[in-house]
There are 2 protein chains.
Amino acid sequence: MEQKTDISTLSLALMGLIVQQPQSGYDIRKTFATTPMGHFSNSPGAIYPALKRLEKDGWIRGKVDDAQALRPRKVYEMTPRGRGVLKRYLRRPVTRDDVIWRMDDLMLRFALMDGIVGRAATLGFLDSLARELEAYVAHLRSFLADVGASMPAVGRLAMEQGIESYAVNAAWARRAIKELETGA
Amino acid sequence: MEQKTDISTLSLALMGLIVQQPQSGYDIRKTFATTPMGHFSNSPGAIYPALKRLEKDGWIRGKVDDAQALRPRKVYEMTPRGRGVLKRYLRRPVTRDDVIWRMDDLMLRFALMDGIVGRAATLGFLDSLARELEAYVAHLRSFLADVGASMPAVGRLAMEQGIESYAVNAAWARRAIKELETGA
DNA sequence: CGATACATGTAACCGGTTACATGATTTT
DNA sequence: AAAATCATGTAACCGGTTACATGTATCG
């Protein structure tokens, strides 16, 4: 029995909302439309099919709620199996590839994990995130030091923008660790 | 005669390399593999089909170079039509949607535009980029001020990360303007 | 009566990812 | 002889985007 371990960022966002409180696709769309969570999509043509897939995989379960709505709503809730998959996914180590290719995904994982796998795991996550970011920043800086002189000004500036972005994320992660350790 | 105006980030990166110097898919892959440009893809299954599409659209033209290679290389060069499309694309105004959904694309546009549409356009681009970023940061900050108190600590921290990223990009854009104005 | 909110969906399209194929030459 | 380099590609799959479809109920 092979275990599928890959989850798209959108699916992760959907599960992250559903795990906090059972809700319908429409509810999710409203959240996406009114908060920065909308960063993860805003089109029904992505959300409804994604919910179907999650249901087909047995990670969420939809119940038709015909009670008082104009049109029957389908309220999804997490299955135990889905919770397990989600926990495993959230506990995956942070890789270099993640920080290069999937920063969005990492931030979403961070936002969800505290409530699902606990504070200790969150702190560990932030620490490894900071390490990977710092290592990557060092790599980019040395690349820039090597070839920067021979690059046109705009090329150098573009690289600096990238480096600064990663660096500010690393600093943020360090600060987040402190806040979570001292705060509640 | 409708004019297609949409260009994927990968296609833009390909044209950006080819416009600077005619080259083959393999050359491009090497650049992607050894520089941060690799951020825009690294798989032949994306690059070769994308080159074919660009050729089919008449934006680039490939010539087989059978000279001394082990296996014949196909060297692509820009067509006048392709140059026109590229210029028009690079001159498009910066929108709010761009900064939310396509920051990568914006940075690539910045890196390419100086050489293709000139310094003045680049400075104008940076100014409107900074404005859009600052406006979006203000929007996010006011959202956070409204609902931040009622959010869990990790939610607030996640939002702060996003805000800081945009803010550092805005500051970078302002600094880039100064450097490009005073430098060469 | 028309617009808006509620609520869920489908179909066509596009393009990126993964994995594999091909085949010559040079290096170990 | 095996592995790596040069160089280009294809096929299957997946999932996101866009645009459209559907139907009720309430509000102005």
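Naming: A, B, ... by sequence-line order, numbering from 1 per chain. When reading the values below, keep in mind they use all heavy atoms of this one structure, side chains included, and skip hydrogens, waters and symmetry mates.
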### Query
What nucleic acid atoms does A:Arg53 come within less than 4.0 Å of, heavy atoms only: base, sugar-phosphate, or nothing?
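Since only primed, P, OP1 and OP2 atoms lie under 4.0 Å of A:Arg53, the category is sugar-phosphate.
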### Message
Applying a 4.0 Å non-hydrogen cut-off, can you work out what A:Gly45 is touching in the nucleic acid: base, sugar-phosphate, or nothing?
### Response
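Base, at least one base heavy atom under 4.0 Å.
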#### Entry: Inter- and intrachain pairs under salt bridge (charged side-chain N to carboxylate O under 4.0 Å, His left out), touching residues 150-159 of chain B, at least two apart
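Matches after skipping sequence neighbours: A:Glu179-B:Arg156, B:Arg156-B:Glu160.
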Pick out the pairs of N or O atoms, protein on one side and nucleotides 20-22 of chain C on the other, that lie under 3.5 Å.
unit_1, atom_1, unit_2, atom_2, d
C:dT22, O2, B:Arg71, NH1, 3.0

### Query
Do B:Ser24 and B:Asp27 touch side chain to side chain, with heavy atoms closer than 4.5 Å?
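B:Ser24 vs B:Asp27: side chains touch.
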### Task
Could you please name the option among C:dT10, C:dT8, D:dG9 that lies closest to any side-chain atom of B:Tyr48?
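The answer is D:dG9.
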#### Entry: Near-ring test B:Tyr76/B:Trp59, centroid separation under 6.0 angstrom
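Judged by ring-centre distance (under 6.0 Å), B:Trp59 and B:Tyr76 do not meet the cut-off.
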### Query
Taking the nucleotide of DNA chain D with the closest heavy atom to each, which residue, B:Tyr26 or B:Trp101, is nearer the 5' end?
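Between the two, 5'-proximity favours B:Tyr26.
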### Message
Quick check on DNA chain D: between A:Ala50 and B:Lys74, whose nearest nucleotide comes earlier from the 5' end?
### Response
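Nearest nucleotide further toward 5': that of B:Lys74.
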### Message
Please tell me whether A:Tyr136 and A:Asn169 have a donor and an acceptor in their side chains that are separated by less than 3.5 angstrom.
### Response
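Absent: no donor and acceptor within the cut-off.
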### Message
Within the 3.5 Å criterion, strictly below it, is a donor on B:Asp114 or B:Thr122 matched to an acceptor on the partner's side chain?
### Response
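B:Thr122 and B:Asp114 do have a side-chain donor-acceptor pair below 3.5 Å.
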Would you say [N] has OP1 or OP2 under 4.0 Å from some side-chain N or O of [X]?
X       : N      : result
B:Ser43 : C:dT17 : yes
B:Lys30 : D:dC6  : no
A:Ser8  : D:dG15 : no
A:Ser41 : D:dG16 : no

### Nonpolar side-chain network containing B:Val64, other nodes, edges under 4.5 Å
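Joined to B:Val64, directly or through intermediates: none.
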### Message
From CD1 of A:Ile47 over to C1' of C:dT10, roughly how many Å is that when rounded to an integer?
### Response
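Atom CD1 in A:Ile47 sits about 15 Å away from atom C1' in C:dT10.
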